[in-house]
There are 2 protein chains.
Amino acid sequence: MIRRGGRGDRTVSQRVPTVRDVAARAGVSVGTVSKALNNRGQLRDETRARVVAAARELGFRPNTLAQSLQSGRTYTVAVITTDRFGRFGNPLMLGVEDALGADRVSVFLCDTRDDPIREYHHAQTLDERRVDGIIVAGRRKQTRAPLAVASGVPVVYVIARSSDPSDFCVTTDDVGGGVLAGRHLLAAGRTRIGHITGPERFADPRERAAGLQQVLDEAGLSLAGGQVFYGEWSEDWGRRAAEMLLHAAPDTDAIFCGSDQLARGVVETLRDRRLRVPGDIAVVGFDNWEPMAAGCRPPLTTVDPNLREVGRVAATRLLDMIAGTPVEGGVETVPAWLMLRESTGVRLTEPPLGSN
Amino acid sequence: MIRRGGRGDRTVSQRVPTVRDVAARAGVSVGTVSKALNNRGQLRDETRARVVAAARELGFRPNTLAQSLQSGRTYTVAVITTDRFGRFGNPLMLGVEDALGADRVSVFLCDTRDDPIREYHHAQTLDERRVDGIIVAGRRKQTRAPLAVASGVPVVYVIARSSDPSDFCVTTDDVGGGVLAGRHLLAAGRTRIGHITGPERFADPRERAAGLQQVLDEAGLSLAGGQVFYGEWSEDWGRRAAEMLLHAAPDTDAIFCGSDQLARGVVETLRDRRLRVPGDIAVVGFDNWEPMAAGCRPPLTTVDPNLREVGRVAATRLLDMIAGTPVEGGVETVPAWLMLRESTGVRLTEPPLGSN
DNA sequence: TTGTAAGCGTTATCAT
DNA sequence: ATGATAACGCTTACAA
């Protein structure tokens, strides 16, 4: 694995020390070294100390491969994702690492780029690498075929669930997110609430809309504009849809948007029309995609789907499965929460953005 | 590595087949299996076929750990990054995978979260895992201490370079990016060009500014507003700085921004002032951060720092080093390029955004 | 308390 | 053309 001795090497040619080297230096046997370094068995303190000293002097690092070959565990999991681009994968990975880092588990990152062939390839490779478990993250709430792993490694699905009902999936609560947004707007005294969102063919925007609708129903209200404005996930659709909504319902006093990007577009249209946010119209976004939401003028109140927590839960369950704890198939939903900013009338002091 | 037989397991308890199982089923020895499966040595076609058949029937997947233990290569590299959050890491990783994927090399992703302790920990772990090589990606152009790996594994630094001059680093061409922006604006007939950017204490914005200055010098022009407007990396600074610039130099006809976020803020101020973009003032951003740049109205012409290529080059050089090819220490700079959109007067038809 | 040796799953070097 | 067998680096019975 390590290339040394090549003519181009700048580092001094050196063999990586093994237990044998440590044993020789400490004047003991390899078995003793192992015990000393792993605090196992009965050893004289002096011996243990001598071994530890020898190990550190040589800069000994145990070879994980050999350990794994022996133990049957690699302390390695993989995250297979179709989406590392968008803002999506990042908080998720953060959560995964939150849970995994504590356990000294390393993470293989595999990007399928939405290509089933690539996914299959990665699955094969991971099988061969004997990863302890796999997290399969989809971008949208849809049902997908189970990952093609032969070995029976534990797999946890994220957002996109497996068609096999005995598989386990962690996902976001989009209905709940919609409810959160609706309740918040109601609490802020808004009653003529419109909704602009992404493609109707996707479950996520439909669920968000359903959540809002549920709140409106409970309050005996109906949707401003008489319909959900489904469209694309672009700022431009946000701008256009806002025009349409205001045309259909000029007295609209709040707009819930299916994404922060849409909300940006909406806010732009509102400003062009000299409508004040939140004075005339309150706006709620979805995603809590920091640079988008915080950079907006005014900063956006938005539903945070809690992807970091989704990642954390997924990794935690995966560790459970790896440890042999029974994990029931089905879907675990992680609650969303609401990030309050100024676009709905709350006023907050926030730390300045520090990222490039 | 694989947990089976646990009471909670949903999959049928099954041992992962080894060469021995294949050998037994094919009625040959393990050595023969190895040769057959790896197309080595002299074997009768019939035998080879029989082994291959047995392997596929059993769903045999060679254990990479054992192979690595034997060969000394893990076909594994790690990317250590301080930044997986921003838009930054993503194109970079894409490039890395472009280069690595061809070689069936898997990638460990390690996020330090800017914590030296975490970095040290990761370095240790990677040493123990005997990764073939490591890419250390920093967020900013700065000099950092070499990664604390004892083993002499090849390391390539990205953007942030190592203080050891014999280490190799791949980075972006920020001066060149500034030149690109300046030339483009000049070519578009602008002569009163201002510059709004991030913190002066960072090298990146200073280099971008230097690139622009260089072009202006060559053209005998000077910076609109008489100074570079250094500030924070926020939309808000973009808005405020635009006010300042226009106050200092009302006849400004172009603004080069050190980031797309800044450019968004600038464009917003311009619209508030009823200045047309690009009619009255052309705007160039930096980053080509798709959702920001394309979502802007008008869409932003912007310098693409070519991070994907940076990632590709880094991975390629790393593979070279792993293969033993001498790689000189120093810095390799990857040229930036200009993404033309409407904010500088170009008119393009672009595919609609499809991402959430 | 310490040493010896078997075994984890491969590949490679010999014999045969 | 195929089969034993010794590595690879480690852990762990078991023997001393």
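Quick note: numbers below take in every heavy atom, side chains included, and nothing from hydrogens, waters or symmetry partners.
Considering only side-chain atoms of A:Leu43, the nucleotide from C:dT10, C:dT2, D:dC10 that sits closest is C:dT2. With D:dT12, C:dT2, C:dT10 as the choices, the nucleotide that has an atom nearest any side-chain atom of A:Thr32 turns out to be C:dT2. Nearest to the side chain of A:Arg20, among D:dT11, D:dC8, C:dC8, sits D:dC8. Of the candidates D:dA1, D:dC10, C:dG9, the closest approach to any side-chain atom of B:Arg44 belongs to D:dA1. Across C:dT1, C:dT10, D:dC14, the shortest atom-to-atom separation from the side chain of A:Thr47 is found for C:dT1. Of the candidates C:dT11, C:dG3, C:dT10, the closest approach to any side-chain atom of A:Val28 belongs to C:dG3. Distances were taken from every side-chain heavy atom of B:Lys35 (C-beta onward) to each of C:dT13, C:dT1, C:dT10; the shortest belongs to C:dT13.
Within 4.0 Å (heavy atoms only), A:Val33 reaches no atom of the nucleic acid at all. Among the heavy atoms of the strands, none lies under 4.0 Å from B:Arg48. Here A:Gln67 lies in heavy-atom contact (under 4.0 Å) with sugar-phosphate atoms only. Residue A:Ser34 is in base contact, counting any heavy-atom pair closer than 4.0 Å across all strands shown.
No donor-acceptor contact under 3.5 angstrom links the side chains of A:Ser68 and A:Ser71, judged on distance only.
If you take CD of A:Gln42 and P of D:dC14, they are 16 Å apart, rounded to a whole angstrom.
Side-chain atoms of B:Thr82 do not come within 3.5 Å of backbone N or O of B:Thr112 as any donor-acceptor pair.
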